[in-house]
Amino acid sequence: MMGTRTCTYFLLLLGTWSVASSSDVNTRILESIPGYVNTSADPCRDFYQYIGGNKAKRHETRYTNKLGEIREKVNQRLVPIFEDLRQRKFIDELGVEEKVWRFYKSCERTINATGSERAYLKLVAPSKDLDWPQFASSPSQWRSARFNLMNTLANLRNYAVNDIFFNTMLFSDFYNTNRQLVTIDAPHNGKKQAPFLTICLLEKEIRQLPQGIEVFPTIFTVSEMEDDANGGLRWRKFLKTYTQRDIDSDFELQVYNIEYFRGLGPLLKKYDNEVIVSYIMVRFVDFVTNAGYYPTGDNSYDCINVVGYQMQFATKFLYENRYLGEGELQKYTSEIQRIFQAISTKLLRKLEENHFQLTDTQNAALQAKLVTLDLNFNNMPSIISHRLFVQAFYQDLELTGDEDYPAAQLKVLKSTAAREISNLNEPTPRGSAFFSINSLQNDYEPATKIDFLNTLIIESAVLQEPYFAYDSHDIFKVSFLGVMMASDIISEFLPYQIFFDSQGNINDLFNNLDENQHFVEGLECVNKSQPAYPYWNMLSITGTQLAYDTYFDSDSIFNQKQPEFTSIPLKKLFFQNAAKIFLNGYLPKTAEGEDPEETTLKEIFRNTKGFSEAFQCPQSEDGMNPPVKCKFFES
């Protein structure tokens with residue numbers, strides 16, 4: 001990898017890398033932009049209406065945002081793959097294709113079967129010698145005394161069921177990435193509400209416990225977490241069942257939101273076992289019946305989504321094999337590496353300008369972090385074949401194809417959860433896949449992200465038209481995927497990711513960066529217009545600016561000559577294409593349910609120095625060309 005990176009770097013400096021563009025692909029991508037742009041609106045007066053005025057007619061679909069649209073297109077491209085599997089005669093019954101097909105068959109045949117909720121409860125009991133209260137002949141017959149909270153939660157966690165009272169995952173030790181730790185946090189289950197009154201009261205009290213987003217965890221031993229001062233829950237019982245191994249009192253946990261756990265233990269003591277187990281049961285059934293299932297009335301299509309969601313690596317592999325085989329992935333890899341290196345080189349020069357007035361030691365650490373930043377595709381290893389990796393990942397999964405969907409699904413979830421916990425106390429893999437079942441809690445993973453081992457992961461979902469085509473014009477590549485990559489990369493050099501070094505370990509070189517005058521002024525500038533999500537806006541502004549500078553500065557490796565396939569100036573085209581990333585539900589909503597999209601779009605692009613030049617906007621305090629723009633990596 002280092003040899004490839006070095007070679008690429010020198011090619012960039014020499015400006016000798018060129019990729020032949022296809023006028024057809026450029027025309028197709030260009031045609032996707034007018035669907036959003038309302039040319040009758042003035043971008044300098046109402047950029048939101050200009051860039052998104054036509055979005056309603058383009059989004060009469062069940063997905064609401066750009067990432068959802070990308071995933072939907074992936075699902076559509078999976079349809080012929082599953083049709084091929086339907087016609088195929090399998091030679092290797094242990095192969096990943098056969099396992100995917102068997103799971104899909106069970107789903108397609110029985111996912112809508114009546115009584116499936118009851119089937120799940122029959123298949124998974126609270127513990128070996130206790131059934132759910134609903135199966136007792138009467139409430140008085142349920143053996144409440146046999147119920148053990150932590151054993152039950154661990155038993156369900158071994159089926160990937162998370163966020164019942166707390167969230168559990170295997171994650172890199174934030175202070176030493178040479179190992180992974182069981183990591184616990186407050187639940188991440190969003191705004192779902194339990195349907196029954198007593199359960200609602202319990203859930204309401206849980207939501208009132210102190211919790212928030214914490215960057216830095218605290219390491220506690222099991223003995224310390226079992227102390228009443230930290231909630232008094234029986235963590236040793238939970239961990240013995242969850243990890244399938246004996247647990248010593250000095251076994252370490254990585255803990256977020258310790259105040260939440262200090263309140264959770266006493267809270268649960270207020271409720272009868274029947275209420276607690278009913279709450280657990282509802283959460284369990286809710287998880288298994290909704291994991292990747294978005295019913296459209298077409299079982300075949302719905303089950304493609306279900307299998308893609310619950311067997312992520314397998315479907316990624318099948319997708320990659322069909323659409324990125326025969327050298328296609330290598331072409332995409334080379335092209336993204338070229339853009340990635342160009343963005344990194346531009347950021348390196350910004351770091352050298354030292355706008356934050358850092359010390360030589362601090363600057364050297366940041367440059368080392370940037371130089372060692374690596375690329376990974378699909379969160380799968382680059383050191384072995386993806387087929388071998390996926391085969392090994394699902395080697396313990398045994399499906400007959402004749403199971404009803406609940407039984408097949410539980411086998412898939414249990415196999416995946418076991419694969420995760422098998423890595424306990426192992427070094428977090430670098431340059432290969434790091435998987436956490438926790439990702440199943442999210443409807444859609446982002447198209448790009450940086451893990452804590454300083455690796456930028458690109459999902460193959462984004463490697464399709466009109467989002468990224470390796471033979472398209474560079475303006476389309478840099479203004480869409482380039483902006484997303486730049487935002488991820490630059491996040492590593494701002495609080496709070498700046499605290500992690502090139503190996504993913506926390507260091508104390510930047511403890512006071514959030515008090516740095518240049519940073520404080522930039523954040524205050526963002527806060528004036530959009531105080532709801534200043535950090536998110538800061539990343540969007542700096543990422544868009546970095547990608548813009550990478551393309552249009554005088555040291556750019558990219559061709560700035562106006563192409564023949566359009567009369568739209570390249571700078572204007574850059575902003576039209578980049579704005580699609582932030583349109584239509586991609587942004588978070590405020591606690592009151594207000595959508596800050598309009599304000600945030602304005603905030604991002606009015607602070608990008610090239611915007612007013614591209615659209616010839618007059619200077620205005622409240623318009624798209626303010627006299628003072630929010631700056632972070634500029635002075």
Student check: side-chain heavy atoms of [X] and [Y] closer than 4.5 Å:
X: Val526; Y: Phe632; answer: yes
X: Ile280; Y: Phe147; answer: yes
X: Phe287; Y: Tyr159; answer: no
X: Arg349; Y: Glu352; answer: yes
X: Phe493; Y: Thr542; answer: no
X: Tyr271; Y: Glu205; answer: yes
X: Met225; Y: Ile258; answer: yes
X: Asp488; Y: Leu539; answer: no

[X] and [Y] ion-paired at < 4.0 Å:
X: Glu521; Y: Lys631; answer: no
X: Glu259; Y: Arg262; answer: yes
X: Arg157; Y: Glu420; answer: yes

[atom1]-[atom2] distance between [X] and [Y], expressed to the nearest 0.5 angstrom:
X: Lys346; Y: Leu546; atom1: NZ; atom2: CG; answer: 8.5 Å
X: Glu353; Y: Asn363; atom1: CD; atom2: CG; answer: 11.0 Å
X: Phe340; Y: Thr333; atom1: CZ; atom2: OG1; answer: 12.5 Å
X: Leu233; Y: Phe165; atom1: CG; atom2: CZ; answer: 10.0 Å

Sequence neighbours excluded, which residues qualify as ring pair (Phe, Tyr, Trp, His ring centres under 6.0 Å) partners of His518?
Phe356

Under a 3.5 Å distance rule, please check whether [X] uses its side chain to pair with a backbone N or O of [Y] as donor and acceptor.
X: Ser415; Y: Lys411; result: no
X: Gln310; Y: Ala291; result: yes
X: Asn290; Y: Asp286; result: yes
X: Ser344; Y: Gln341; result: no
X: Arg234; Y: Gly232; result: yes

Any chance the rings of Phe238 and Phe166 have centres within less than 6.0 Å?
yes

Ring center gap for Phe500 and Phe174 short of 6.0 angstrom:
yes

Evaluate whether atom [atom1] of [X] has more than 12 neighbouring non-hydrogen atoms of other residues, nucleotides or ligands under 6.0 angstrom away.
X: Lys350; atom1: NZ; value: yes
X: Asp250; atom1: CG; value: yes
X: Gln244; atom1: CD; value: yes

Is a donor from one side chain sitting under 3.5 angstrom from an acceptor on the other, for [X] and [Y]?
X: Gln409; Y: Tyr120; value: yes
X: Thr241; Y: Asn155; value: no
X: Asn376; Y: Thr455; value: no
X: Gln395; Y: Gln391; value: no

Should the pair Phe313 and Phe393 be assigned to parallel (<30°), tilted (30 to 60°) or perpendicular (>60°) ring geometry?
perpendicular

Pairs of donor and acceptor atoms involving the side chains of residues 211-222, under 3.5 Å and at least two apart or interchain, shall be tabulated with distances.
| residue | atom | partner | partner atom | Å |
| --- | --- | --- | --- | --- |
| Glu214 | OE1 | Asn257 | N | 2.9 |
| Thr221 | OG1 | Glu224 | N | 3.1 |
| Thr221 | OG1 | Glu224 | OE1 | 3.4 |

Please report the C-alpha distance between Tyr294 and Tyr309 in whole Å, then the side-chain angles of each, then the deciding distance to 0.1 Å, and finally whether the ring-ring contact (aromatic ring centres under 6.0 Å, His included) criterion is met.
CA-CA 11 Å; Tyr294 307 98; Tyr309 187 74; 7.0 Å; no

